[in-house]
Amino acid sequence: QPQLVESGGGLVQTGGSLRLSCTASALAFSMYAMGWFRQAPGKEREFVGTISADGGGTKYADSVKGRFTISRDNAKNTVYLQMNSLKAEDTAVYYCAAGSYWDYAAAYGAWGQGIQVTVSS
């Protein structure tokens, strides 16, 4: 059973930065695109960004483009989400997921448990 574990969340002030990590086990990590999604209270889960299996391609939601960067280290089975210039509206539970290089949740078959990111103003 694949397992994805996120870390690095927490509380940060507006304009600050956080880096989330997601480490996979029991998964052929280097064969899968890795996506990041988020869900704010009372809202649907939304796409944040994704990185291709070899790390050569990335896609981002318009709301985070230019502020967030996804990278991966296939030797460590880990994907990262660097979040800069954080805004209050970035407050959400963030999830990593393994799957295909698309911007919708159904393209991903394995999910982490989620980690809270709170941006205070």
Side-chain angles (χ1 to χ4, degrees):
Q1 187 91 357
Q3 187 174 19
L4 304 177
V5 179
E6 300 98 339
S7 60
L11 176 65
V12 63
Q13 289 189 330
T14 300
S17 298
L18 276 178
R19 188 177 81 155
L20 303 184
S21 300
C22 170
T23 300
S25 59
L27 179 74
F29 184 79
S30 63
M31 296 182 62
Y32 292 96
M34 295 299 296
W36 286 95
F37 292 77
R38 67 186 182 186
Q39 188 166 18
K43 295 188 177 181
E44 294 187 353
R45 189 171 299 190
E46 66 172 358
F47 171 76
V48 174
T50 186
I51 186 167
S52 61
D54 66 358
T58 53
K59 301 176 186 177
Y60 298 95
D62 288 343
S63 59
V64 306
K65 204 171 291 183
R67 300 188 299 121
F68 290 12
T69 303
I70 298 174
S71 61
R72 66 188 295 161
D73 185 340
N74 284 350
K76 295 182 178 180
N77 284 5
T78 300
V79 61
Y80 305 97
L81 178 65
Q82 177 66 45
M83 304 185 291
N84 298 329
S85 303
L86 282 161
K87 306 174 181 179
E89 51 264 43
D90 294 318
T91 295
V93 176
Y94 283 71
Y95 300 87
C96 67
S100 300
Y101 189 52
W102 293 101
D103 61 358
Y104 54 91
Y108 298 81
W111 290 80
Q113 81 286 354
I115 192 163
Q116 179 70 45
V117 171
T118 302
V119 184
S120 66
S121 56

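All values below were derived from every heavy atom in this structure, side-chain atoms included, with hydrogens, water molecules and symmetry-related copies excluded. Just so we're clear, the structure is a prediction, and the values are computed from it rather than from any experiment.
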Find the distance between [atom1] ([X]) and [atom2] ([Y]) and round it off to the nearest 0.5 Å.
{"X": "Asn77", "Y": "Ser25", "atom1": "CG", "atom2": "OG", "result": "8.0 Å"}
{"X": "Phe47", "Y": "Tyr60", "atom1": "CZ", "atom2": "OH", "result": "9.0 Å"}
{"X": "Leu20", "Y": "Trp36", "atom1": "CG", "atom2": "CH2", "result": "4.5 Å"}
{"X": "Asp73", "Y": "Ser30", "atom1": "CG", "atom2": "OG", "result": "11.5 Å"}
{"X": "Met34", "Y": "Ser52", "atom1": "CE", "atom2": "OG", "result": "12.0 Å"}
{"X": "Asp90", "Y": "Arg38", "atom1": "CG", "atom2": "CZ", "result": "4.5 Å"}

Is it the case that one hydrophobic cluster holds both [X] and [Y], taking links as side-chain heavy atoms less than 4.5 Å apart, direct or via other members?
{"X": "Leu18", "Y": "Leu81", "value": "yes"}
{"X": "Tyr94", "Y": "Ile70", "value": "yes"}
{"X": "Trp111", "Y": "Ile115", "value": "no"}

Do the side chains of [Y] and [X] get nearer than 4.5 Å, heavy atoms only?
{"X": "Gln116", "Y": "Thr91", "answer": "yes"}
{"X": "Thr69", "Y": "Tyr80", "answer": "no"}
{"X": "Val79", "Y": "Phe29", "answer": "yes"}

Does [X] use its side chain to pair, donor to acceptor, with the backbone of [Y] at less than 3.5 Å?
{"X": "Asn74", "Y": "Ala53", "result": "yes"}
{"X": "Arg72", "Y": "Gly55", "result": "no"}
{"X": "Glu6", "Y": "Gln113", "result": "yes"}
{"X": "Thr58", "Y": "Thr50", "result": "no"}
{"X": "Thr14", "Y": "Ser120", "result": "yes"}

Looking at Gln13, I'd like to know if its CD atom is crowded, meaning that more than 12 non-hydrogen atoms belonging to other residues, nucleotides or ligands lie closer than 6.0 Å.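 Count not over threshold, so no.
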
Counting only heavy atoms not in Lys43, do more than 12 fall under 6.0 Å of its NZ?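 Counting other residues, nucleotides and ligands, NZ of Lys43 stays at 12 neighbours or fewer.
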
Closest heavy-atom pair and its distance - [X], [Y]:
{"X": "Ala92", "Y": "Ala40", "answer": "CB-N, 3.8 Å"}
{"X": "Tyr101", "Y": "Lys59", "answer": "O-NZ, 2.9 Å"}
{"X": "Arg67", "Y": "Ser85", "answer": "NH1-O, 2.9 Å"}
{"X": "Leu4", "Y": "Ala98", "answer": "CD1-N, 3.8 Å"}

Give the intermediate values and the outcome of side-chain contact (heavy atoms from CB on, under 4.5 Å) for residues Met83 and Val119. CA-CA 11 Å; Met83 304 185 291; Val119 184; over 6 Å; no

With no hydrogens and no angle check, just 3.5 Å: does a side-chain donor-acceptor pair link Thr23 and Thr78?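 Checked: Thr23/Thr78 side chains pair up, N/O donor to acceptor below 3.5 Å.
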
Would you please name every residue forming a ring-ring contact (aromatic ring centres under 6.0 Å, His included) with Tyr108, sequence neighbours left out?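 If we apply the ring-ring contact (aromatic ring centres under 6.0 Å, His included) test to Tyr108, skipping adjacent residues, the hits are Phe37.
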
